[in-house]
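First listed ligand is number 1; within each ligand, the first listed atom is number 1. Just so it is clear, the model here is predicted, and its values are computed rather than measured.
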Amino acid sequence: MKIAVLPGDGIGTEIVAEAVKVLKVLDLKFEMETAPVGGAAYEAHGHPLPESTLKLAKAADAILFGAVGDWKYDKLERALRPEQAILGLRKHLGLFANFRPAICYEQLTHASSLKPELVAGLDILIIRELTGDIYFGQPRGRRTAPDGHFPGTEEAFDTMRYTRPEIERIAHVAFQAARKRSKRVTSVDKANVLETFQLWKDVVTEIGRQYPDVALDHMYVDNAAMQLVKAPKKFDVVVTGNMFGDILSDEAAMLTGSIGMLPSASLNAGNQGLYEPSHGSAPDIAGKGIANPLATILSAAMMLRFSLNQPEAADRIESAVKHVLASGLRTADIHSDGTTRVGTREMGDAVVAAITKKTTKG
Ligand SMILES: NC(=O)C1=CN([C@@H]2O[C@H](COP(=O)(O)OP(=O)(O)OC[C@H]3O[C@@H](n4cnc5c(N)ncnc54)[C@H](O)[C@@H]3O)[C@@H](O)[C@H]2O)C=CC1
Ligand SMILES: CC(C)CC(=O)C(=O)O
Ligand SMILES: [Mg+2]
C-alpha cells in the first residue's frame, strides 16, 4: 500500500508533518512518498500540479494532503495558481464525494462560538459534491459585456451546471451514508432561483424513492446557513453541491470549536481517496508553529478507515485525539481558560504519546 504525501503551502507542511508522525507510530505496512504541490510545486517545477506529483497521486492507494495557497500567488494567471492543484487532483482522480464530518467533541463544547447546549453532542455529516458545479463549469472568463445592465463594460462570468448522473451518484452516496447513521438526509439547494438546483432537487427526490427507509427533506441554502447556527443538531446527513458545501462546511466547522478540527475525505468511484483538513493554508499563522494539526490527524484516521482498510488503526487515532483533548491540551484556536495552550508540534507529540501509551498498556 502506498500513501502519497502532499503537504503543500503555509501551515500545510506543519500539520502534515504531525499526521505523518502519527501514522508512523502505528507501525503499519505502507509506504509514504512525498511530493510538492501548490505554490511549493510552482516554485520547484513552474506548475502547481506537476506531472510527477499527479503521477504519484494516481498510483497511490491514498493521498494525504495539507493545503495550498498564498496571497503572493494571487496575481498569477489562474492556471498557475496553487488552488488549481487541489482542483486538478479532484478532477483528474474523479474525487466526486467529499465527506466532511462536523463532530463537536465533548471537551470542546465550550470552544464553539455557539452556546454549549446547541452544540453538545453534535455529529453531522456534510456530503459535498466535489467535481462539478460552478467551480468547474464552462464557459467562464472575462469579456466585454454584450448586454445586461451595463453593455460594453468589462464583465466576468462563471457557469453553474450539473448533469443528472453527477447528481444521481452523489445522492446515492448520501443515502447510503445515512443508512449507517440516523437515516435522515437534508438536501440543500437553491431550486427557487436556479435551474441547476431544480434539477438537483428533482433528481435527489427520485433517488430518494430507492431508499424508503431514509427520510429526505429539502432546504434552501440560505435557510440551511441559518438553521446550522440556530439548531445544528436537527441535521444528520446534509448533501449539497460543490459551492454550497464549501461554504456550509466552513460554517459547520465553527460548531465544532474550530476549522482546525474538521477533517475530510474525498472519494472516487473506486476505493481511492484524498484526505485533507477542510481548511486552507492559513498564511496568517503559517510558520508560527501554532496551527491546529487535529483536522489533518483526523483526516489520516479517515484515510485508514476508508482507503486502507485499517479501521482499528483509525479508532486508535480517534481515541488518542479524545484522550489528548480530555487531558486539557489545546492549540490557540481552541484554547480557553483552564486548558493548556500548546503548539502544533506538541499537539502532534501528545497524540503520538497517547497512542504509544495505549499500545504499551495493550
Ligand atoms: N484545500 C485547500 O488547499 C484550500 C486552500 N485554501 C487557500 O488557503 C489560503 C488561505 O485561505 P483562507 O480563506 O484564509 O482560509 P483558511 O482556511 O486558510 O484560514 C481561515 C482562518 O482559519 C484559520 N485556520 C485555518 N486552519 C487552521 C488551523 N489548522 N489551526 C488554526 N487556525 C486555522 C486561519 O488562521 C484563518 O484565520 C488561500 O490561498 C485559499 O485559496 C482555502 C481553502 C481550502
Ligand atoms: C481552495 C478551494 C479550491 C476549495 C476550498 O475552499 C475547499 O475545498 O474547501
Ligand atoms: Mg473551503
Side-chain angles (χ1 to χ4, degrees), residues 6-19 36-42 48-49 63-76 78-91 95-100 102 108 111 113 126-136 158 240-254 256-266 274-299 321 330-335 341-348:
L6 313 182
D9 307 319
I11 63 168
T13 51
E14 302 167 43
I15 54 181
V16 166
E18 299 314 310
V37 74
Y42 174 74
L49 184 57
I63 300 145
L64 182 66
F65 189 92
V68 289
D70 192 288
W71 319 132
K72 72 180 176 200
Y73 301 114
D74 286 355
K75 292 272 179 279
L76 280 178
R78 190 162 295 281
L80 295 179
R81 279 161 69 166
E83 291 82 354
Q84 294 305 309
I86 185 63
L87 292 167
L89 283 164
R90 290 170 184 170
K91 198 70 184 172
L95 304 167
F96 71 95
N98 184 217
F99 288 66
R100 293 191 165 186
L108 293 186
S113 40
I126 297 183
I127 295 187
R128 167 186 173 195
E129 200 290 328
L130 204 57
T131 51
D133 203 353
I134 196 164
Y135 287 6
F136 290 96
D158 298 277
T240 190
N242 202 343
M243 181 164 67
F244 298 159
D246 190 5
I247 298 165
L248 293 180
S249 57
D250 264 35
E251 187 187 357
M254 284 320 296
T256 73
S258 167
I259 185 103
M261 293 301 301
L262 208 80
S264 87
S266 306
L274 180 149
Y275 299 84
E276 59 169 332
S278 297
H279 58 73
S281 58
D284 55 336
I285 58 165
K288 296 186 179 163
I290 60 170
N292 186 345
L294 293 181
T296 316
I297 290 171
L298 292 166
S299 301
V321 167
R330 304 280 188 274
T331 41
D333 55 317
I334 49 175
H335 180 255
R341 189 190 295 244
V342 294
T344 311
R345 204 174 301 154
E346 291 98 317
M347 186 57 103

**Prompt:** When you look for heavy atoms under 4.0 Å from ligand 2, do you find them on the side chain of Arg81, its backbone, both, or neither?
**Reply:** neither
**Prompt:** Does the protein put any heavy atom within less than 4.0 Å of atom 2 (C) of ligand 2?
**Reply:** no
**Complete:** Counting from 1 in the order shown, the ligand 2 atoms closer than 4.0 Å to a non-hydrogen atom of Arg100 are 7 (C), 8 (O), 9 (O)
**Message:** Between Ile259 and Asn292, is the side-chain contact (heavy atoms from CB on, under 4.5 Å) condition met? List the steps.
**Reply:** CA-CA 9 Å; Ile259 185 103; Asn292 186 345; over 6 Å; no
**Request:** Please confirm whether Ala282 comes within less than 3.5 Å of ligand 1 when only nitrogen or oxygen atoms on both sides are compared.
**Result:** yes
**Complete:** If we number the atoms of ligand 2 from 1 as shown, the ones under 4.0 Å from a heavy atom of Leu87 are 3 (C)
**Asked** Taking the N/O/S atoms of Asp246 one by one, which is nearest to the Mg ion (ligand 3)?
**Response** OD1
**Prompt:** Rounded to the nearest 0.5 Å, how far apart are OG1 of Thr131 and CZ of Arg90?
**Reply:** 10.0 Å
**Request:** Measure Ser249 to ligand 2 on non-hydrogen atoms and call it side chain, backbone, both or neither using the 4.0 Å cut-off.
**Result:** neither
**Closest heavy-atom pair and its distance - Pro82, Gly39** = CB-N, 3.5 Å
**Asked** Are Arg341 and Glu346 ion-paired here, with the side-chain N under 4.0 Å from a carboxylate O?
**Response** no
**Asked** What is the nearest protein non-hydrogen atom to atom 15 (O) of ligand 1, stated with its residue, atom name and distance?
**Response** Gly280 N, 4.4 Å
**Request:** Could you tell me which atoms of ligand 1, counted from 1 in the order shown, lie closer than 4.0 angstrom to a heavy atom of Ala291?
**Result:** 30 (N)
**Request:** Determine whether the side chain, the backbone, both or neither of Asp70 has a heavy atom under 4.0 Å from any heavy atom of ligand 1.
**Result:** backbone
**Request:** Note the single closest protein heavy atom to atom 14 (O) of ligand 1, along with its residue, its atom name and the distance in Å.
**Result:** Trp71 CH2, 3.5 Å
**Asked** Which is closest to atom 8 (O) of ligand 1 in terms of heavy atoms, Ser278, Ser258, Ser281?
**Response** Ser281
**Complete:** So CZ of Arg128 and OG of Ser264: to nearest 0.5 Å the spacing works out to 8.5 Å
**Prompt:** Roughly how far apart are Ser299 OG and Leu274 CG, rounded to 0.5 Å?
**Reply:** 9.5 Å
**Request:** Check whether any heavy atom of Ile285 sits under 4.0 Å from an atom of ligand 1.
**Result:** yes
**Request:** Using a strict 4.0 Å cut-off to heavy atoms of Gly69, name the atoms of ligand 1 that fall inside it.
**Result:** 39 (O)
**Asked** Does the N or O separation between Arg128 and ligand 2 drop below 3.5 Å for any pair?
**Response** yes
**Message:** Taking 4.0 angstrom as the limit and counting only heavy atoms of Arg90, give me the atoms of ligand 2 inside it, by number and element.
**Reply:** 4 (C), 7 (C), 8 (O)
**Complete:** With heavy atoms and a 4.0 Å threshold, my read on which part of Asn292 contacts ligand 1 is both
**Request:** Check Gly287 against Glu14 and note the closest heavy-atom contact, atom names and distance.
**Result:** N-OE2, 2.6 Å
**Message:** Checking contacts now, so for atom 20 (C) of ligand 1, which I'm interested in, is there any protein heavy atom under 4.0 Å?
**Reply:** no
**Prompt:** Does Glu83, backbone or side chain, put an N or O under 3.5 Å from an N or O of ligand 1?
**Reply:** yes
**Asked** What is the nearest protein non-hydrogen atom to atom 25 (C) of ligand 1, stated with its residue, atom name and distance?
**Response** Ile259 CG2, 3.5 Å
**Prompt:** Hey, is Pro283 touching ligand 1 through its side chain, its backbone, both or neither, going by heavy atoms under 4.0 Å?
**Reply:** side chain
**Request:** For Ala67, counting its heavy atoms only, list the atoms of ligand 1 lying under 4.0 Å from any of them.
**Result:** 3 (O)
**Item:** Check: Ile285 and Ile11 side chains under 4.5 Å, non-hydrogen atoms
**Value:** yes
**Prompt:** Closest non-hydrogen protein atom to atom 1 (N) of ligand 1, residue and atom name please, with distance?
**Reply:** Glu276 OE1, 3.0 Å
**Fill in**
Under 4.0 Å from one or more heavy atoms of Gly260, ligand 1 contributes atoms 28 (C), 29 (N)
**Item:** Distance filter under 4.0 Å to Ser278 heavy atoms, resulting ligand 2 atoms
**Value:** 9 (O)
**Message:** I need the nearest protein heavy-atom contact for atom 35 (O) of ligand 1: residue, atom name and distance, please.
**Reply:** Asp284 OD1, 2.8 Å
**Request:** Could you list which atoms of ligand 1 come closer than 4.0 Å to a heavy atom of Phe65?
**Result:** 3 (O)
**Message:** What protein heavy atom lies closest to atom 5 (C) of ligand 1? Include the residue and the distance to one decimal.
**Reply:** Val68 O, 3.1 Å
**Asked** Going by distance only, is there an N or O of Gly66 that falls short of 3.5 Å from an N or O of ligand 1?
**Response** no
**Prompt:** To the nearest 0.5 Å, how far apart are OG in Ser281 and CH2 in Trp71?
**Reply:** 6.5 Å
**Prompt:** Rounded to the nearest 0.5 Å, how far does NE2 of His279 lie from CE of Met261?
**Reply:** 10.5 Å
**Asked** In Å, rounded to the nearest 0.5 Å, how long is the span from CG of Leu49 to CG of Leu87?
**Response** 10.0 Å
**Request:** Before signing off on this row, confirm whether Tyr135 and ligand 2 have an N or O atom pair separated by under 3.5 Å.
**Result:** no
**Message:** Test your reading of the structure: does His279 have an N or O sitting under 3.5 Å from an N or O of ligand 1?
**Reply:** yes
**Message:** Closer than 4.0 Å and a protein heavy atom, does any atom meet both conditions relative to atom 10 (C) of ligand 1?
**Reply:** yes
**Nearest-neighbour protein heavy atom for atom 27 (C) of ligand 1, which is reported as residue plus atom name and distance** = Ile11 CD1, 3.9 Å
